[in-house]
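The structure appears below as structure tokens.
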Number of protein chains: 2
Amino acid sequence: MNSQTDFTQRTVEYEILLARFKELLKKNTYKYTIQREVILETLYKSDEHLTPEALHQLIKEKFPELKTGIATIYRTLSLLEDSDMVTSLSFGSQGKKYELGAKEHHDHMICTKCGTITEFVDEAIEERQHRIAEEFGFEMQDHSMQIYGICKNCKKLRFIYD
Amino acid sequence: MNSQTDFTQRTVEYEILLARFKELLKKNTYKYTIQREVILETLYKSDEHLTPEALHQLIKEKFPELKTGIATIYRTLSLLEDSDMVTSLSFGSQGKKYELGAKEHHDHMICTKCGTITEFVDEAIEERQHRIAEEFGFEMQDHSMQIYGICKNCKKLRFIYD
DNA sequence: TTAAATTTTGATTATCTCTATCATTAAGTC
DNA sequence: GACTTAATGATAGAGATAATCAAAATTTAA
């Protein structure tokens, strides 16, 4: 690999994440590659939920010398998702959007006008979800909740454009 | 149209739904067609969440004389979804499943082994969702919640096959 | 009731997302 | 450093959904 590759703005939090990733790879006899790290890093730096396509674009811009193929993006995202390091949100025919799942669990509020995703956590809901799964004899692996609507900002704009 | 078409088992509830649909069509200067009605009716009679493909199969079996094309299924489902008469659940690359949205609102518990969808309603969660949207100045249009995991039945089978 | 205007349909092609394949390249191991 | 194994990029393939378009059906208006 090119040791000149620019990994700026590394935080302690990221270093811990990376260590966890390397450990995960080792445990499964997967190999550490620069492509995998760059994907993790790009997800980490992005505050947004990224589609595989968007992630690919970002990486091509930032690390053009790697010539990372879209297949590697998909493969790595699957790997990360299987290992619970990232989670995805489905948008039907619009595909999936991914985010690093190392953070605290949260739900999503999605604006149907501008597509912006706002995150939130609500303990009461989390708690009810567990209770409901239990009631049904269901072994919960994951859950997701989305609230669809029009965000504060678009509500303002509506008066101008509609 | 063929007035011989067999519309058995019509309930009052369905008649109301159909009237609502016809009204919707008229309001938007869409035309009433037998294909559109058959799609609505098939969704109504099905207790399951249907993929466009499954819906197409059902309709081909029940109304072979119509020779309904898959494109019409997609078009009509979009129309119904845009008008909030049906809602869809996304399964990433596995496409969408549709259900009539005229019933009481409910959430979903999805088995990641067998794909079965169990519906449930929880007032506490419904209430919290409204409150959260309000807090963010968000105008809620819809919401969906999914709990993913392994259902009671598959949990039993796991001991045998895994 | 019929003719004109307009929309919908079915068949087909195109597109988009994602997965599989495979020869080449790169990591990990000794 | 050589060997073993896995990962990569390019590309083809699969599956779901959307676009196109001529033919057919519905609605409108006379």
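A note on names: the letters A, B, ... follow the listed sequences, proteins ahead of strands, and every chain is numbered from 1. Because the structure is predicted, anything quoted here is derived from the model rather than measured.
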Distance in angstrom units between [X] [atom1] and [N] [atom2], rounded:
| X | N | atom1 | atom2 | result |
| --- | --- | --- | --- | --- |
| B/K67 | C/dT12 | NZ | P | 13 Å |
| B/L25 | D/dA25 | CG | C1' | 14 Å |
| A/Q57 | C/dC16 | CD | C1' | 15 Å |
| B/I34 | C/dG10 | CD1 | P | 11 Å |
| A/R75 | D/dA7 | CZ | P | 9 Å |
| A/L66 | D/dA10 | CG | P | 12 Å |
| B/Y32 | C/dT9 | OH | C1' | 15 Å |
| A/L40 | D/dA7 | CG | C1' | 17 Å |

A/I73 or B/P52, whichever maps to the more 5' nucleotide of DNA chain D
A/I73

Using the closest heavy atom to pick a nucleotide of DNA chain D for each, name whichever of A/R36 or B/Y98 lands nearer the 5' end.
A/R36

Just to confirm, is there a sub-4.0 Å distance from OP1 or OP2 of D/dT8 to any side-chain nitrogen or oxygen of A/T33?
yes

Distance check: side-chain N/O of A/Q35 vs OP1/OP2 of C/dA26, anything under 4.0 Å?
no

Under 3.5 Å, is there a donor-acceptor pair between the B/E81 and B/S83 side chains?
no

Quick check on side chain to side chain contact (heavy atoms under 4.5 Å, CB included): which of B/T87, B/L43, B/T42 does B/L100 satisfy it with?
B/L43

Does B/E127 CD have over 12 foreign heavy atoms under 6.0 Å away?
yes

Tell me whether A/E13 at atom CD has more than 12 heavy atoms from other residues, nucleotides or ligands lying less than 6.0 Å away.
no

Between D/dT17, D/dA18, C/dA26, which one does the side chain of B/Y74 approach most closely?
D/dT17

Among D/dA10, C/dT12, C/dT9, which nucleotide sits nearest the side chain of B/A71?
C/dT12

Base-paired stretches in DNA chain D with three or more consecutive Watson-Crick or G-U pairs, both distances under 3.5 Å, amount to C:1-30 with D:1-30

Whether B/H130 and B/H143 hold their rings parallel, tilted or perpendicular, with breakpoints at 30° and 60°:
perpendicular

Which label fits A/H49 and A/H108: parallel for a plane angle under 30°, tilted from 30 to 60°, or perpendicular past 60°?
perpendicular

Any base atoms under 4.0 Å from A/E53, or only sugar-phosphate, or nothing? Heavy atoms, all strands.
nothing

Pair of N/O donor and acceptor under 3.5 Å linking D/dT5 base with A/K31 side chain
yes

So, using side-chain hydrogen bond (donor to acceptor under 3.5 Å, both in side chains) as the criterion, who are the partners of A/R36 when residues are at least two apart?
none

